Protein chains: 2
Amino acid sequence: MQQPFYNHPKHFLSVDCVIFGYRESELHLLLYNRNFEPLKGQWSLMGGFVQESETVEEAAGRILYQITGLKDIYLDQVQVFSKSDRDPGARVVSIANYALIRMDFNDKDLWNDHGAVWWPIQQLPELIFDHRDMVTAALEKLQHKANYTLIGQELLPEQFTIIQLRSLYEAIFQCSLDSGNFRKRILSLKVLERLDNKDKTGSKKGAYYYKYKTNDATAKVDRIVRLIL
Amino acid sequence: MQQPFYNHPKHFLSVDCVIFGYRESELHLLLYNRNFEPLKGQWSLMGGFVQESETVEEAAGRILYQITGLKDIYLDQVQVFSKSDRDPGARVVSIANYALIRMDFNDKDLWNDHGAVWWPIQQLPELIFDHRDMVTAALEKLQHKANYTLIGQELLPEQFTIIQLRSLYEAIFQCSLDSGNFRKRILSLKVLERLDNKDKTGSKKGAYYYKYKTNDATAKVDRIVRLIL
DNA sequence: ACAAAAGTGTTTCGGCTACACCCATGC
DNA sequence: GCATGGGTGTAGCCGAAACACTTTTGT
C-alpha cells in the first residue's frame, strides 16, 4: 500500500481565517479586499500559505499578526477544504480556522493598510472561492464552543456587563434569551466576578461590570443554550 | 501580503484513519502492522498520501476501500496534525479522520493481507508518530457525534436490540447507563422501529430487534448523555 | 415454580421557563 | 413621582434519575 515519499505529489497548503469580532450587539467578520490579481477588488477571508517549517496553527497566528499586530489570538481549527477546483489558480488545500478578537484592541492603521474591513455578519458581501462555506462552518464551530464554555473573554472588553454577555450570546446563536434566566445560568457557573463599578451608559441605575475570575474560564460546562427544540 | 503560488513551498499531505468498530460490548480500532521500513513491525493507523486530483475525503475513502473492500463508509474529519517533526522521515502534514464500520461486514482476507488487526480500544498497543493523539481526538469527536445524533447505524448490524445500543453507548462514553431511562430516551426520539423478531441469545424472554426507520436517523437531537456533572 | 433478563411504571428531585415583581437612579 | 432599564424571586412544568415492579419464557 505504502510507497516512498517521493512517489507522492506535494500540495500547496494555505490557511484561511474567519476572524470574528463583536460590537454593538452584532458579530462581525474581518474581511479584506484583494489588492492583487486574480479577483482583485473582491472580498475574501484573510489567508496565506503554510511555510516549510511552521505548523498550521503557527501559520494562522502569523497571518493574524501581520494584519492585526496582535499575538496570542484565540484560534481554533475548523475544517480542511480540498476540492481540487476550489481555487482556480492552482490546486490549493486550505485549512479554515476561526479567530476571536476584540474589535477595539486593534491597530486601525495596520489593517487599513491591508484593506481589511469589519463587516456585520448579517450583511456580508459575496466572498471568493469557498470562503462562504468556511464562514458557515466556522460559525457552527463557534456556536458549539460558546455552548460548552463561557465564551466572551476573547470578544468582550476586560470588563463587561451580564447584559453585554447576553447580547453576545444572542448574536452568536441568533435568538433571544430571557434576561433573568441567562443571568442565573451564567452566574451559577461561578467563573465571573462582580466588580464595584457600573456601566451607566445603558440606564440610570447602571449595570455592574464583571470579569473572568481566574484563567479556568475555559472549564467545560453543560450546554448553555438548548439548540434543538 | 500575498505572493504568487510559486514562491510558496509544497507539502506532502497524508490522511490517517481512526477506524472504529464495535463488538462484544467494546469499541475496537483497526490498526495495521507496518510491513515496510522505517518502523517496520510497529503499529499504526491506516494512512496514505493525498493524490493530485482527489480531495481529502476521497483519499480517506480510497484508503478504506483498499483495506476493507467497502465503499461509502461513514467518515468524518477530525483535525490536522502538522508539527514539522511529527514524521521523522519527511515533513508530512496529516489530516486525521475517523471512520465507523461494522466489524462483521468485512472481508477478512483483504485486511489480513494488509496486516490489519482489530484491537480493543482499552488495550491498544503503542502507536507510531502522533497517532495516539489522533485516536484521542477522534474518540472525542465520536463522543460528540454520538451525543447529538443517534449513532449505531454504522456500527451495529441492520437489526439490533436496545440493549446492544446501550452497550455501544456505554462503550463510547465509558460509563454505565440506566437501562430503563436509556430505553425511554432513545425511543422518545422516534427514529427506531420495532421489528417482530427477537434476539434470544441473551435471555429466555428475548429482546425485540429494532432498526432505523428512514434515513432521517441523522437528525440532530438534544444531548443524550450528560457529560459534565 | 423459579430464575433471569426484558421491559414498564412510579416517585422524586432539580433545573429550566416564564413571568411577575422589586430596585436604583436621573429627570 | 415616574419612567426606565437592572436585577431578583417564584410558581409551575418537564424531564431526568433512581429504582421498584411486571412480563416472558426456558428449564
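Given the structure is predicted, the values throughout are model-derived calculations rather than measurements. Order of the sequence lines fixes the chain letters, A, B, ..., with proteins taken first and strands second; residue numbering starts at 1 for each chain.
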query = What is the ring orientation for F160(A) with Y212(A), classed by angle as parallel under 30°, tilted 30 to 60°, or perpendicular over 60°?
reply = tilted

request  = Could you pick out which residue, R166(A) or D178(A), lies toward the 5' side of DNA chain D when each is mapped onto its nearest nucleotide?
outcome  = R166(A)

query = For dC16(C), does OP1 or OP2 lie under 4.0 Å from any side-chain N or O of R226(A)?
reply = no

request  = Could you check how far NZ of K200(A) sits from P of dC23(C), rounded to whole Å?
outcome  = 17 Å

task = Whole angstrom is fine here: how far is it from OH in Y208(A) over to C1' in dT8(D)?
result = 13 Å

inquiry  = Assuming nearest nucleotide by heavy-atom distance, tell me which of G180(B) and R223(B) is located more 5' along DNA chain D.
reply    = R223(B)

ask   = Whole Å only: how far is the OH atom of Y210(A) from the C1' atom of dG6(D)?
value = 10 Å

task = Measure up the H28(B) and W118(B) rings against each other and bin them: parallel (under 30°), tilted (30 to 60°), perpendicular (over 60°).
result = perpendicular

request  = Mind calculating the distance between CD1 (I224(B)) and C1' (dG15(D)) to the nearest angstrom?
outcome  = 15 Å

ask   = To the nearest Å, how far apart are N197(B) CG and dT25(D) P?
value = 14 Å

ask   = Can you check the I186(B) CD1 to dT8(C) C1' distance for me, whole Å?
value = 17 Å

ask   = Do R62(B) and E58(B) come within less than 4.5 Å of each other through their side chains, counting heavy atoms only?
value = no

query = Between F173(B) and Y169(B), what is the ring plane arrangement, given parallel below 30°, perpendicular above 60°, and tilted in between?
reply = parallel

key: K204(A) side chain, from C-beta outward: closest of dT4(D), dA6(C), dG7(D)   = dT4(D)

key: Selection from dT17(C), dG7(D), dG7(C) that lies nearest to any side-chain heavy atom of N181(A)   = dT17(C)

message = Side chain of K184(A) only, heavy atoms from C-beta on: which candidate in dA18(C), dG7(D), dT23(D) is closest?
response = dA18(C)

query = Within less than 4.0 Å of OP1 or OP2 of dG6(D), is there a side-chain N or O belonging to R183(A)?
reply = no

request  = State which of dT25(C), dA18(C), dG6(D) makes the closest approach to the side chain of S203(A).
outcome  = dG6(D)

ask   = Which is true for I163(A) with a 4.0 Å heavy-atom rule: it touches a base, it touches only sugar-phosphate, or it touches nothing?
value = sugar-phosphate

ask   = Rounded to whole angstrom units, what separation is found between the CZ atom of F182(A) and the C1' atom of dG7(D)?
value = 15 Å

ask   = Counting just side-chain N and O atoms, does K205(B) come under 4.0 Å of either OP1 or OP2 of dG26(D)?
value = no

ask   = How close or far is atom P of dA16(D) from atom CG of D222(B), stated in whole angstroms?
value = 8 Å

ask   = According to the interplanar angle, ranging from 0 to 90°, do the rings of Y98(B) and Y74(B) count as parallel (below 30°), tilted (30 to 60°) or perpendicular (above 60°)?
value = tilted

